[in-house]
Student: 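Take a look at the following structure, please.
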Number of protein chains: 2
Amino acid sequence: MNKLLTRREAEYLKVAFDLSSEKTSVGSLDIANRLGVSCASASEALKRLSEKGMIIREPWRGIRLTDLGLKEVSRIIRNHRIFETYVYRLLSVSLDEACECARRVELHLSDKIVDSMCRILGHPKRCPHNKNIPAGVLCCVELR
Amino acid sequence: MNKLLTRREAEYLKVAFDLSSEKTSVGSLDIANRLGVSCASASEALKRLSEKGMIIREPWRGIRLTDLGLKEVSRIIRNHRIFETYVYRLLSVSLDEACECARRVELHLSDKIVDSMCRILGHPKRCPHNKNIPAGVLCCVELR
DNA sequence: TTTAAAATTTAGGTATACCCTAAATTAAAC
DNA sequence: GTTTAATTTAGGGTATACCTAAATTTTAAA
């Protein structure tokens, strides 16, 4: 039972997370619509995510992210937004391109690299799109 | 006919490139040995690489990278080494970790981002392992 | 309360990427 | 010319990811 998420599974997890803050109950149909995929595909993907311990499925009640799932999705979002902010601010790359590249590398960045970028940026709270940047578990520690 | 290489195909292409500078003739067996894979798997992978226009296969004569293949592998190697050098030098990350992460993101970095890192580093000729860094097609242009 | 509608899952199929072993082929070396 | 070595093909296996159609379950309406 492999813990690592595939690119696509991460996509499902991110959508599940996003929808969770928009609606009280999130079902496979919501996720299928958002991803432009059939209900059956979404259902399968969610099953795999729950097998990997990322979500809890309660059919007709909606899904819930587990602590592991929340940790994972936060890490991915943090990776994306710190990388994007860094590249946009310090490498003079357009926001579109920074975001696009961040999407491609977000799964593959290491915590240390992202924390280092974060430190250099002065631990920003928001990305250039003005979205929240989750804190790094070990980042900022030296400031306390 | 999709032009983009998969992670694994890029691995095969890199090995093909490396071996080409070590031996006069590179066959599927050489590549299979280097990657720890059966001859049959290597043969298949090389077939796919030739369908994507990256190499020319001349059985019992060995393979040759096409111009496209050389361009592609140079881009990947450049991405790896510039990223690794940048992260090592400017983000205070260990060389092992920089290299490991570079391996994971090398396929996904955009030229603009890599060129920007390259400019900031002063267009280095070698990575911290002292390996050659291929020039970027559009990098350095403003210096001429 | 029963039934119809909506949400969801399961079953069965397709495609792609990898990998394997065993068998067939082809070139090179003796 | 045969044998040996390299290579490819054939046939299978697993995993991811998608689909449609059918079955299931819940909710809501008549």
Side-chain angles (χ1 to χ4, degrees), chain A residues 1-16 19-20 22-65 69 72 76 103-104 106-108, chain B residues 1-16 19-20 22-65 69 72 76 103-104 106-108:
Chain A
M1 194 252 257
N2 183 15
K3 266 308 173 38
L4 289 179
L5 299 185
T6 64
R7 180 71 270 215
R8 202 50 176 154
E9 283 167 353
E11 223 55 64
Y12 277 99
L13 188 62
K14 285 198 289 176
V15 166
L19 287 175
S20 295
E22 292 170 23
K23 315 183 69 215
T24 43
S25 167
V26 177
S28 20
L29 186 57
D30 301 306
I31 287 169
N33 286 338
R34 183 65 68 101
L35 280 170
V37 125
S38 79
C39 236
S41 301
S43 184
E44 262 181 17
L46 293 175
K47 192 163 129 208
R48 243 178 310 135
L49 277 180
S50 83
E51 277 160 7
K52 290 189 178 179
M54 298 292 164
I55 62 171
I56 310 250
R57 289 205 300 167
E58 299 176 297
W60 288 277
R61 289 266 204 77
I63 58 155
R64 258 185 15 245
L65 273 70
E72 190 58 16
I76 295 169
R103 201 187 52 73
R104 291 196 309 259
E106 62 186 14
L107 280 193
H108 308 294
Chain B
M1 196 250 257
N2 183 18
K3 265 313 172 35
L4 290 178
L5 299 185
T6 65
R7 180 72 268 212
R8 201 52 174 152
E9 283 167 354
E11 223 57 64
Y12 278 98
L13 188 61
K14 284 198 290 177
V15 166
L19 287 174
S20 294
E22 293 169 22
K23 317 184 68 214
T24 43
S25 167
V26 178
S28 19
L29 187 56
D30 303 304
I31 287 170
N33 287 338
R34 183 65 69 98
L35 280 170
V37 124
S38 78
C39 236
S41 301
S43 184
E44 262 181 17
L46 292 176
K47 193 164 128 207
R48 243 176 311 135
L49 277 180
S50 83
E51 278 161 6
K52 291 188 180 181
M54 298 292 164
I55 63 171
I56 309 249
R57 289 203 300 168
E58 299 176 297
W60 289 276
R61 290 267 203 76
I63 58 155
R64 259 188 11 248
L65 273 70
E72 190 59 17
I76 295 169
R103 203 188 50 74
R104 292 197 308 261
E106 63 188 14
L107 279 194
H108 307 294

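By convention in this document, chain letters (A, B, ...) are assigned in the order of the sequence lines, proteins followed by strands, and residues within each chain are numbered from 1. Given the structure is predicted, the values throughout are model-derived calculations rather than measurements.
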Student: Send over the distance from B:E58 CD to D:dA6 P, rounded to a whole Å.
Tutor: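 Value for this atom pair: 19 Å.
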Student: Return yes if the base of C:dC18 and the side-chain atoms of B:E44 contain a donor-acceptor N/O pair under 3.5 Å, otherwise no.
Tutor: no
Student: What's the CD1-P distance between A:I63 and C:dT9, to the nearest Å?
Tutor: 10 Å
Student: Look at A:R61 and C:dT8 and indicate whether a side-chain polar atom (N or O) is within less than 4.0 Å of OP1 or OP2.
Tutor: no
Student: Does B:R48 put a side-chain nitrogen or oxygen below 4.0 Å from OP1 or OP2 of C:dC18?
Tutor: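 Checking C:dC18 against B:R48, a side-chain N or O does come within under 4.0 Å of OP1 or OP2.
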Student: Return the value, rounded to whole Å, for the distance between atom CG of A:N33 and atom P of C:dA6.
Tutor: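 After rounding, the gap between these two atoms is 14 Å.
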Student: Between A:S43 and C:dT9, is there a contact of a side-chain N or O with OP1 or OP2 at under 4.0 Å?
Tutor: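 The answer is yes; a side-chain N or O of A:S43 sits under 4.0 Å from OP1 or OP2.
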Student: Is B:S28 near enough to D:dA6 that one of its side-chain N or O atoms lies under 4.0 angstrom from OP1 or OP2?
Tutor: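 Result: no.
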Student: Decide yes or no for B:R57 and B:I55: does some side-chain heavy atom of the first lie under 4.5 Å from some side-chain heavy atom of the second?
Tutor: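 Yes, close enough: below the 4.5 Å cut-off.
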Student: From the list C:dT9, C:dT21, C:dC19, which nucleotide is the closest neighbour of the side chain of B:Y12?
Tutor: C:dC19
Student: Starting at CG of B:L29 and ending at P of C:dA28, how long is that distance when rounded to a whole Å?
Tutor: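 That distance rounds to 16 Å.
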Student: Which whole-number value in Å describes the distance from B:L5 CG to C:dA17 C1'?
Tutor: 13 Å
Student: Write down the distance between CZ (A:R8) and C1' (C:dA17), rounded to a whole number of angstrom.
Tutor: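 My rounded result for the distance is 17 Å.
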Student: In whole angstroms, how far is the P atom of D:dA17 from the CG atom of A:L13?
Tutor: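 After rounding, the reported distance stands at 13 Å.
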Student: Below 4.0 angstrom from OP1 or OP2 of D:dT8, is there any side-chain N or O of B:R57?
Tutor: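 For B:R57, the contact criterion (side-chain N or O under 4.0 Å from OP1 or OP2 of D:dT8) is met.
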Student: Between D:dA17 atom C1' and A:L35 atom CG, what is the distance in whole Å?
Tutor: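 For the pair A:L35 CG and D:dA17 C1', the rounded distance is 12 Å.
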Student: When you look at CZ of A:R61, are more than 12 heavy atoms from neighbouring residues, nucleotides or ligands closer to it than 6.0 Å?
Tutor: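 Open: at most 12 neighbouring heavy atoms sit under 6.0 Å from CZ of A:R61.
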Student: Counting side-chain heavy atoms from C-beta on, which of C:dC19, C:dA7, D:dT20 comes nearest to A:W60?
Tutor: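 The closest nucleotide is C:dA7.
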Student: How close do A:G62 and A:S25 get, heavy atom to heavy atom, and via which atoms?
Tutor: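 Shortest heavy-atom contact: CA-OG, 3.9 Å.
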Student: Taking only Lys NZ, Arg NE, NH1 and NH2, and the carboxylate oxygens of Asp or Glu, determine whether A:K47 and A:E51 approach each other closer than 4.0 Å.
Tutor: no
Student: Give a yes or no on whether a salt bridge exists between B:K14 and B:E106, defined as a side-chain N under 4.0 angstrom from a carboxylate O.
Tutor: yes
Student: Give the nucleotide from the list D:dC18, D:dT9, C:dT9 with an atom nearest to the side chain of A:V37.
Tutor: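 From the listed options, D:dC18 comes nearest.
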Student: Ignoring backbone atoms, test whether A:S38 places a side-chain nitrogen or oxygen under 4.0 Å from the OP1 or OP2 oxygen of D:dC19.
Tutor: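 Yes, A:S38 has a side-chain N/O under 4.0 Å of OP1/OP2 on D:dC19.
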Student: Within the 4.0 Å heavy-atom criterion, would you say B:T6 contacts the bases, only the backbone, or no part of the nucleic acid?
Tutor: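 Sugar-phosphate contact only.
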